[in-house]
Q: 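Here you go, one structure.
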2 protein chains.
Amino acid sequence: MQKQQYLTKNQQIVLDLVEKSSEPLKAYSILFNVQKKGLKAPLQVYRALDKLVEIGKIHKIESRNAFVACKNSSCQVSKATAFSICESCEKVTEINNSKLSKYLTNFEDNSGMKYNKYNLEFFGLCKKCKNK
Amino acid sequence: MQKQQYLTKNQQIVLDLVEKSSEPLKAYSILFNVQKKGLKAPLQVYRALDKLVEIGKIHKIESRNAFVACKNSSCQVSKATAFSICESCEKVTEINNSKLSKYLTNFEDNSGMKYNKYNLEFFGLCKKCKNK
DNA sequence: TGTTATTTGTTATATTATTACAAACTGTTA
DNA sequence: TAACAGTTTGTAATAATATAACAAATAACA
Ligand SMILES: [Zn+2]
Ligand SMILES: [Zn+2]
Ligand SMILES: [Zn+2]
Ligand SMILES: [Zn+2]
């Protein structure tokens with residue numbers, strides 16, 4: 001059998017919720033919201049999240065321990081991700097900038113290490129919060 | 001009184017331990033190791049860590065929930081950090097590359113957001129692990 | 001069908017981090 | 001000095017995040 005093509009029921013339930021959300025969701029907030037759909041234990045949510053991250057349908061915002069749906073159709077896997085995070089309202093946006101991704105994907109330093117993945121988080125104030 | 005110049009006792013104890021370590025340390029591992037020095041509760045460690053991160057003496061590796069001492073003398077505050085992380089042996093190195101930091105510090109996208117901070121984590125295999 | 005691998009359900013537990021509040025210490029000023 | 005304000009510390013309790021272990025159900029397929 002080749003790599004999974006379809007999402008399992010639990011994965012789909014979790015993905016639907018994350019995609020509907022306008023803000024990053026935390027695992028236990030997801031759990032609370034899918035309990036009526038039958039996912040009763042943390043592990044069921046974490047398993048779904050793990051798989052969805054692996055296949056690039058969602059990303060984890062590491063500094064917030066929260067998850068967002070990928071809005072970037074060219075982002076099939078979670079191996080080159082960049083986000084902007086407002087430190088006031090906590091709005092998170094996935095950055096889709098080909099120059100940036102090219103620059104980082106090709107980045108090499110003198111450590112002899114070959115990078116195959118990166119995650120970048122920018123922090124600041126969004127337009128709205130800046131003007132308050 | 002102006003901004004704190006000297007570290008408190010607890011901060012110094014925690015910093016000493018993190019600086020001595022060749023690998024990122026987790027908060028509860030730090031706690032275990034400083035208990036003989038009198039820091040008995042998680043909060044004492046977390047408070048020290050928070051302050052040390054704030055003043056740039058240490059950095060948090062977000063994807064690992066672990067802390068490393070800053071090896072970069074020009075890095076007074078934790079507002080522009082980049083790390084390479086080996087996914088096999090978990091070795092972490094702070095990247096000190098002025099081109100990269102200049103590029104990211106000056107990065108602007110079309111969101112109207114002004115960034116004042118970023119954190120970048122590269123993943124891959126270090127030289128040693130690559131040749132296994 | 002029987003066999004294997006994957007996914008799921010369930011309980012328990014481990015790990016990471018914060019709240020709340022009282023006590024001790026530090027520097028300032030009446 | 002004594003009162004005070006601000007900061008740091010100690011302590012207990014608890015919240016929030018994440019994983020281990022194992023049995024049951026389901027899916028792929030020879
Ligand atoms: Zn994406
Ligand atoms: Zn904002
Ligand atoms: Zn540094
Ligand atoms: Zn390695």
Side-chain angles (χ1 to χ4, degrees), chain A residues 1-18 21 23-55 57-68 78 87 90 92 119 121, chain B residues 1-18 21 23-55 57-68 78 87 90 92 119 121:
Chain A
M1 173 185 148
Q2 71 179 66
K3 192 152 176 166
Q4 165 172 337
Q5 286 172 280
Y6 301 105
L7 299 178
T8 66
K9 186 173 129 266
N10 288 357
Q11 290 160 13
Q12 191 63 59
I13 289 170
V14 170
L15 178 59
D16 286 348
L17 185 70
V18 177
S21 173
E23 56 187 15
L25 292 181
K26 306 208 148 214
Y28 275 71
S29 146
I30 293 169
L31 174 59
F32 179 79
N33 278 284
V34 297
Q35 277 179 332
K36 58 192 72 166
K37 306 224 169 177
L39 284 84
K40 284 183 276 188
L43 197 47
Q44 296 175 289
V45 169
Y46 278 104
R47 280 170 179 156
L49 288 172
D50 284 351
K51 178 59 87 173
L52 292 168
V53 166
E54 187 192 323
I55 63 179
K57 291 284 188 184
I58 64 174
H59 303 303
K60 181 174 187 182
I61 309 300
E62 292 286 356
S63 65
R64 299 298 187 261
N65 297 319
F67 300 85
V68 294
S78 297
E87 290 185 298
E90 292 293 324
V92 170
N119 179 55
E121 298 181 2
Chain B
M1 175 181 145
Q2 70 177 70
K3 192 152 177 165
Q4 165 173 337
Q5 285 172 284
Y6 302 104
L7 299 179
T8 67
K9 186 172 129 268
N10 289 357
Q11 289 161 13
Q12 191 64 57
I13 290 170
V14 170
L15 178 58
D16 287 347
L17 185 71
V18 176
S21 174
E23 56 187 13
L25 293 180
K26 305 208 148 211
Y28 275 70
S29 148
I30 292 169
L31 174 58
F32 179 80
N33 278 283
V34 297
Q35 277 179 333
K36 58 191 72 166
K37 307 224 169 178
L39 284 84
K40 285 183 277 189
L43 194 47
Q44 295 175 289
V45 170
Y46 278 105
R47 279 172 179 156
L49 289 171
D50 284 351
K51 178 58 88 172
L52 292 168
V53 166
E54 185 190 324
I55 64 179
K57 290 284 187 183
I58 66 175
H59 303 302
K60 182 173 187 181
I61 309 300
E62 292 286 357
S63 65
R64 300 298 186 261
N65 296 320
F67 299 85
V68 294
S78 298
E87 290 185 297
E90 292 294 324
V92 170
N119 179 56
E121 298 182 3

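Quick caveat, the model's predicted, so the values are computed rather than measured. Throughout, protein chains are lettered first and strands after them, A, B, ... in sequence-line order, and every chain is numbered starting at 1.
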Q: Please identify each residue that fulfils side chain to side chain donor-acceptor pair (under 3.5 Å) with D16(A), with sequence neighbours left out.
A: Q12(A)
Q: Applying side chain to side chain donor-acceptor pair (under 3.5 Å), name anything that partners E87(B), two or more places apart in sequence or on another chain.
A: K117(A)
Q: Under 3.5 Å, side-chain donor or acceptor atoms of residues 30-40 of chain B against the rest of the protein: list the pairs with distances, not counting sequence neighbours.
A:
unit_1 : atom_1 : unit_2 : atom_2 : d
N33(B) : ND2    : S29(B) : O      : 2.8

Q: Just to be sure I understand the geometry, which residues of residues 35-49 of chain B put a non-hydrogen atom under 4.0 Å away from DNA chain C?
A: L43(B), Y46(B), R47(B)
Q: Quick one: list whatever passes side chain to side chain donor-acceptor pair (under 3.5 Å) with R47(B), sequence neighbours left out.
A: none
Q: For K9(B) and dT8(D), give me the distance from atom NZ to atom C1', rounded to whole Å.
A: 11 Å
Q: Taking OP1 and OP2 of dT6(C), is either one under 4.0 Å from a side-chain nitrogen or oxygen of T8(A)?
A: no
Q: Of all the choices, dG9(C), dT17(D), dG10(D), which nucleotide is nearest to the side chain of N10(A) once you look at every atom?
A: dG9(C)
Q: Report the residues that fulfil salt bridge (Lys or Arg N to Asp or Glu O under 4.0 Å) with E23(B), sequence neighbours left out, ordered by chain and then residue number.
A: none
Q: Distance check: side-chain N/O of K60(A) vs OP1/OP2 of dA18(D), anything under 4.0 Å?
A: yes
Q: Expressed in angstrom and rounded to an integer, what is the separation of L31(B) atom CG from dT15(C) atom P?
A: 13 Å
Q: Give the residues of residues 61-68 of chain A touching DNA chain C, defined as any heavy atom closer than 4.0 Å, sorted by residue number.
A: none
Q: Using modelled atom types and a 3.5 Å cut-off, is there a donor and acceptor pairing between side-chain atoms of K57(B) and backbone atoms of K51(B)?
A: no
Q: Starting at atom CD1 of I30(A), determine the distance to atom P of dA16(D), rounded to an integer number of angstrom.
A: 15 Å
Q: Sequence neighbours left out, what passes side chain to side chain donor-acceptor pair (under 3.5 Å) with S63(A)? Give chain and number order.
A: E121(A)
Q: Nearest-Å distance, OH (Y6(B)) to C1' (dG27(C))?
A: 15 Å
Q: One pair to check against side-chain contact (heavy atoms from CB on, under 4.5 Å): V14(B) and I58(B). What are the steps and the verdict?
A: CA-CA 10 Å; V14(B) 170; I58(B) 66 175; 5.5 Å; no
Q: If you take atom types as modelled and just measure distance, does the side chain of Y28(B) reach the base of dA14(C) with a donor-acceptor pair under 3.5 Å?
A: no
